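Before any comments, here is the structure.
Numbering of ligands and ligand atoms starts at 1, following listing order. Computed from a prediction, not measured in an experiment: that's the story for all the values here.
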Amino acid sequence: MPTDNSWTRSRDIAAAQHPLPTAQKPLTEAYGHVLAKDTSALIAVSHYVSAAMDGYAINTPESFTGPWKLVSEGRRDGNLELAAGEAAGILTGSAVPETATSVLRIEHTRIEDGLIYLLPNHTQTRDLEPEANIRGAGAEVVAGQRILTARTLIGPAELAAAAVAGVDYLECYPKPRIGFVFTGDEVITEGLPGPGEVRDAFSPYFAQLMCELRHGSQRIPAETIYQARIDDDLDSMSAELVRAASEVDVLITTGGTGFSSADYLRRALAQEGAQILVPEISMRPGHPTVLAQLPATEQQRLAGRGGTFVVGLPGNPLAALAGFATVGMPLLAALSGVGQLTEHHGVAGETCQTKKGPRLMPARDQQGVIQASTFYGSAMLRGLLGAQYFAVVSEETNPGDLIPLLPLPWANFDPQRGA
Ligand SMILES: Nc1nc2c(c(=O)[nH]1)N[C@H]1C(S)=C(S)[C@@H](COP(=O)(O)OP(=O)(O)OC[C@H]3O[C@@H](n4cnc5c(N)ncnc54)[C@H](O)[C@@H]3O)O[C@H]1N2
Ligand code: MOO
């Protein structure tokens, strides 16, 4: 039986959170969001009978090969009458007069004294067949037909389809807004660290990564609103929690998750009345990861939102990423409307071993077998180079066993089909 803080239960608690309340977005702002509702065409596509070629709309009796009398240079709205033997100029995309039988391509014709002739080598042209070079109304989509399905990630194809179907707004889940707070008085952001100092392994990538998060082939919309670096003290952390409650949906902190007097996150969360959803996770690295939710502010309640979530990641760099993969990713997938993340598994290689599990080991697929890096220590990062996922390894894992895989949030590949 899993214990309360088991890896699977912690992940499932994060995944079970409600999506953010939906909002109507104009097409120009909908890119990269998850669609909240099925969307139907407001008009047929195309919504009128149109010309597929530049040339002449003709009304031609059967087996007549011209010449046709040019009665108009043409109108975009096609509002004119053509009698048998008459022609009107027409451009691609213009409405075809109702009385036209087909459209002659301009390069198949010549014009003389107001008459349109077929060129000698085009007298048998297919342009004369009924409906030739004419696009029917509704050939692509009929009015009222569903064109987009809820939970689709909105990209170029979806926006183009919505636009031509007359849609101006799409109901979307908002992208979770994220704030970052980095702690650690010993952490420096440039130059060579002295004894007891450490170079910041988070701020060079975390904020940017949020804009391009993925879980294998699934994209997860999110955006970074701010990042801050604070002193290691309770007041600074509490102030950041208050700020996050009014500015973001998710606050991600690094460091200070421990239980020592130097670690302020848990005390600040208690002081601000946060509900602890996941107090720690039975795994290495990333054990002290905490997931909490601040009380909803007045503004959040009025907007139908819950309180801001806090994902407290440990200071050790690999531990932080393991915590983010375990609870941060499913939380963002849930809030952004992506929903459940696909679970991935792979066949353990002989390097997927641990004395005490679960252990999240940076790993990659090598000829269909998952091989873990030897650099899997909590403070190490080297194992991530070239890795595709965390392999979740237990003390009972043997080579050949099927084990869970957590794709690294930047790894662009389809875990279903391997590397
Ligand atoms: N007595 C105990 N000590 C520790 C325990 C424990 O259970 N009892 N757990 C260990 C584990 S596991 C982890 S993980 C860490 C958790 O540490 P914190 O979240 O409190 O983080 P810090 O103490 O602030 O930092 C830990 C480590 O990480 C370095 N760090 C911090 N920020 C950065 C950064 N931006 N880039 C690179 N490295 C960073 C920091 O300098 C520390 O070395 O606690 C263990 N201890
Ligand atoms: O669990 Mo700690 O997160 O091993 O490094």
Side-chain angles (χ1 to χ4, degrees), residues 3 5-7 10-11 178-210 224 226-234 236-238 240-241 251-270 274 276 278-292 310-328 354-362 372-385 390-395 406:
T3 62
N5 300 326
S6 70
W7 177 75
S10 305
R11 180 197 58 185
I178 300 174
F180 280 97
V181 167
F182 304 114
T183 72
D185 292 343
E186 74 289 9
V187 178
I188 62 164
T189 53
E190 55 185 26
L192 302 179
E197 288 183 333
V198 60
R199 270 293 293 270
D200 184 0
F202 301 135
S203 59
Y205 77 90
F206 250 134
Q208 192 63 37
L209 174 63
M210 296 304 122
T224 299
Y226 64 80
Q227 46 181 334
R229 176 169 299 288
I230 60 165
D231 294 337
D232 283 332
D233 66 66
L234 180 61
S236 303
M237 185 55 92
S238 284
E240 286 298 335
L241 296 183
L251 176 69
I252 298 179
T253 66
T254 61
T257 57
F259 294 87
S260 81
S261 59
D263 297 318
Y264 295 99
L265 178 65
R266 288 167 200 275
R267 273 187 283 158
L269 286 169
I276 305 295
V278 175
E280 57 186 0
I281 308 175
S282 303
M283 67 175 188
R284 285 285 183 293
H287 179 253
T289 301
V290 49
L291 175 62
V310 180
V311 181
L313 301 176
N316 278 322
L318 194 64
L321 208 58
F324 180 70
T326 299
V327 293
T354 184
K355 290 205 179 73
K356 191 169 181 307
R359 176 168 281 283
L360 271 59
M361 306 175 83
S373 166
T374 49
F375 299 102
Y376 57 76
S378 154
M380 294 182 177
L381 285 170
R382 190 169 158 188
L384 293 173
L385 296 171
F390 280 118
V392 185
V393 181
S394 84
E395 57 272 24
L406 279 182

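- For V198, every heavy-atom contact with ligand 1 shorter than 4.0 Å involves the side chain, none the backbone.
- For atom 28 (O) of ligand 1, a protein heavy-atom neighbour is found at a distance under 4.0 Å.
- With ligand atoms numbered from 1 in the order given, ligand 2 contributes 1 (O), 3 (O) to contacts under 4.0 Å with heavy atoms of P288.
- Near N316, with a cut-off below 4.0 Å to any heavy atom, the atoms of ligand 2 are 5 (O).
- More than 12 heavy atoms of other residues, nucleotides or ligands sit less than 6.0 Å from atom CD of E395.
- Without hydrogens or angle criteria, R199 side chain to L192 main chain gives no donor-acceptor distance under 3.5 Å.
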(message) Does L318 form a side-chain contact (heavy atoms from CB on, under 4.5 Å) with L384? I'd like the steps, not just the answer.
(response) CA-CA 8 Å; L318 194 64; L384 293 173; 3.8 Å; yes
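- Taking the side chain as every heavy atom from C-beta outward, N5 and P279 approach each other to under 4.5 Å.
- Contact of the T257 side chain with the T289 side chain is not registered, since no non-hydrogen atoms from C-beta on lie closer than 4.5 Å.
- Polar contact with ligand 2: present for G286 (N/O pair, distance under 3.5 Å).
- The heavy-atom pair separating P288 from E280 by the smallest distance is CA-CB, 4.5 Å.
- Any N or O atom pair closer than 3.5 Å counts here, and E186 shares at least one such pair with ligand 1.
- For the residues N316, L265, D232, the heavy atom positioned nearest atom 14 (S) of ligand 1 is part of N316.
- Using a 4.0 Å heavy-atom cutoff, F202 is listed among the residues neighbouring ligand 1.
- The structure places CG of L313 at 6.5 Å from CD1 of I252, a figure rounded to the nearest 0.5 Å.
- Note that CE of M237 and CZ of R266 are 11.0 Å apart. Values are rounded to the nearest 0.5 Å.
- The ligand atoms of ligand 2 that sit less than 4.0 angstrom from a heavy atom of P285 are 1 (O), 3 (O), 4 (O), 5 (O).
- Closest to atom 4 (O) of ligand 2, if we only count protein heavy atoms, is R284 CD, 3.2 Å.
- Checking atom 45 (C) of ligand 1 against the protein gives no heavy-atom contact under 4.0 Å.
- Although no hydrogens or angles enter the test, the distance criterion places no donor-acceptor pair under 3.5 Å between the side chain of D185 and the main chain of D231.
- Between F182 and F180, the two ring planes are parallel [angle under 30°; tilted spans 30° to 60°].
- Taking 4.0 Å as the cut-off, P285 does not count as a neighbour of ligand 1 on heavy-atom distance.
- Contacts between P288 and ligand 1, counted as non-hydrogen atom pairs separated by less than 4.0 Å, involve the side chain only.
- Taking only non-hydrogen atoms, the option from G315, P317, G256, G312 nearest to atom 24 (O) of ligand 1 is G256.
- Within 6.0 Å of the OH atom in Y376, the count of heavy atoms belonging to other residues, nucleotides or ligands does not exceed 12.
- Close approach to R199 involves these atoms of ligand 1, each under 4.0 Å from a residue heavy atom: 36 (N), 37 (C).
- Heavy-atom contacts of H287 reach the following atoms of ligand 2: 1 (O), 3 (O) (cutoff under 4.0 Å).
- Scanning the protein heavy atoms around atom 5 (O) of ligand 2, the nearest turns out to be S378 OG, 2.2 Å.
- Few gaps surround CG on L385; more than 12 heavy atoms of other groups in view lie less than 6.0 Å from it.
- Of all the atoms in ligand 2, the ones that sit under 4.0 Å from a non-hydrogen atom of A319 are 3 (O), 5 (O).
- Under the 4.0 angstrom criterion for non-hydrogen atoms, G255 is in contact with ligand 1.
- Inclusion of D263 in the set of residues having an N or O under 3.5 Å from an N or O of ligand 1 is warranted.
- Below 3.5 Å of separation, one finds an N or O of D200 facing an N or O of ligand 1.
- Here the CZ atom belonging to R11 is positioned 11.5 Å from the CE atom belonging to M283, to the nearest 0.5 angstrom.
- Backbone and side-chain nitrogen or oxygen atoms of T257 are examined, and one is located within less than 3.5 angstrom of a nitrogen or oxygen of ligand 1.
- Put simply, atom 38 (N) of ligand 1 has protein non-hydrogen atoms near it, under 4.0 Å away.
- Atom-to-atom distance recorded for T189:OG1 and F202:CZ is 14.0 Å, nearest 0.5 angstrom.
- Within a 4.0 Å radius of atom 6 (C) of ligand 1, the protein contributes no non-hydrogen atoms.
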